[in-house]
Enquirer: 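For reference, the structure I am asking about is given below.
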Amino acid sequence: MRMYDLIKKKKEGKELTKEEINLMIKAYVNSEIPDYQMSAMLMAICFQGMNDVETAELTMSMAKSGDMVDLSSIEGVKVDKHSTGGVGDKTTLVIAPIVAACGVKVAKMSGRGLGHTGGTIDKLEAIPGIRLAIEEEEFFSIVNKVGVSVVGQSGNLAPADKMLYALRDVTATVDSIPLISASIMSKKLAAGSDCILLDVKTGSGAFMQTIDESIELAKRMVAIGEHSNRRTMALITDMDIPLGYGIGNSIEVIEAINTLRGKGPKDLTEVCVILASNMLHLAGKGDLEDCEAMVLETIKDGSALNKLAQMVEAQGGDANFILDTNKFDKSKYSKNIISDKAGYISHMNTEECGIGSMLLGAGRETQESILDYSAGIILNKKTGDYVEKGDVLAVLYGSDEDLFEKAEQVIKEAYIFSDNAIKNRPLVLAKVSKDNIEKY
Ligand code: URA
């Protein structure tokens, strides 16, 4: 096999065989194919696409490029969830303990922030002492004992994805449905859960900006999961508006804890209840209505919050922070962003909100950036709200006042005003299962 011939074949829109895909991924992971040739292949895939069979083969060879985690020593059904990434998306911190409190095991490997989107592992690191790089044996033992553990992806989980993602990030080849599907599903299949709920975000803060593209992505990923005998389903959820009001690491942990207390923002609570109920349903805990009742009960009786505290403690963190969020460090500086006009907020550029938070130190501009865990933004107004001139749109937080000016400009520009009231679209826009697509 010559990589040159494979690039040419894909450039001409022809189908790559299983053998060609396997050899290519193996050779790339072994550094036998240079980045410039793999970049050309990625760009050819962006333009020519891949059919379902090619995408499934690419996913499997990426998954098998490293460890395939065997969760069989954890008792019961294991359910996983994956979000395609968004702004203010702290759902894992809420859902994982809820599902565990309902008696279904969650052995979750999460990632760090990517571009303007936040990552669960960065958020959890805001809790002092917490260990997120945990050896497999201890990880399994925590899941068996507590019911839930969220850890960072081990270095050898789908290494092909790690290498390809880094290359896609710098060659404008991220937004390709087959490449995103293979990237996400290779990690999910390697992570070993029996059931996978995909939260495919759609809108201005997501990688997929339209509902139709998001459904296409969801269909591919569900087909790959089911083909590998994992019960897989996807919900298409709104990311045209940041989820909740907080963006930033400790800010989002605090909002997640408030949600587990039953005092979270309405949109975040609704999305988390729907996602958690669907995870339980996938895991065979009953029909959706029964599952939703179980979820609401764990919030009401405090068992979900308790689960989070138990998980944090088992992973070496200070569980007092979960029980009393006043313990989190306050940022040194804050600044109100004042509206200089009146009107309805008709749209928010949600990607810009994520960038604003990153500029304050909550996310990474480069791989080497050091995070400021208390930095971020608390939005005061969101799409659909009416604003008077002089109202506070949002409050910026951070340890470096010099970063505020640029972030303020970005956030201010993210708000689009109109004279007319607008109606927000539903939070869950579609559901994609093996045999069905339901649009809401
Ligand atoms: N998240 C991933 O893990 N991979 C992608 O390609 C996009 C989002």
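In listed order, ligands and their atoms are each counted from 1. Count residues from 1 along the sequence. Computed from a predicted structure; not experimentally measured.
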Enquirer: Please name all residues satisfying side chain to side chain donor-acceptor pair (under 3.5 Å) with Asn278, sequence neighbours left out, ordered by chain then number.
Expert: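 Here the qualifying residues are Lys431.
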Enquirer: For atom CZ of Phe47, decide whether the heavy atoms of other residues, nucleotides or ligands shown that lie under 6.0 angstrom number more than 12.
Expert: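 It does not: Phe47 CZ has 12 such atoms or fewer within range.
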Enquirer: Can you pull the residues with any heavy atom under 4.0 Å from ligand 1?
Expert: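 Answer by chain and number: Thr84, Tyr165, Arg168, Ile180, Ser183, Ile184, Lys187, Phe207.
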Enquirer: Which residues satisfy the side chain to side chain donor-acceptor pair (under 3.5 Å) test with Thr350, sequence neighbours excluded?
Expert: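 So Thr350 forms a side chain to side chain donor-acceptor pair (under 3.5 Å) with Ser204.
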Enquirer: Checking side-chain polar atoms at under 3.5 Å, does Asp161 have a donor or acceptor matched by the opposite partner on Ser183?
Expert: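 Result is yes, a qualifying pair exists.
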Enquirer: Can you name the residues that form a ring-ring contact (aromatic ring centres under 6.0 Å, His included) with Phe139, not counting sequence neighbours?
Expert: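 Residues passing ring-ring contact (aromatic ring centres under 6.0 Å, His included) with Phe139: none at all.
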Enquirer: In plain terms, say whether Lys78 and Asp80 are close enough for a salt bridge, that is, a side-chain N and a carboxylate O under 4.0 Å apart.
Expert: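 Salt bridge: no.
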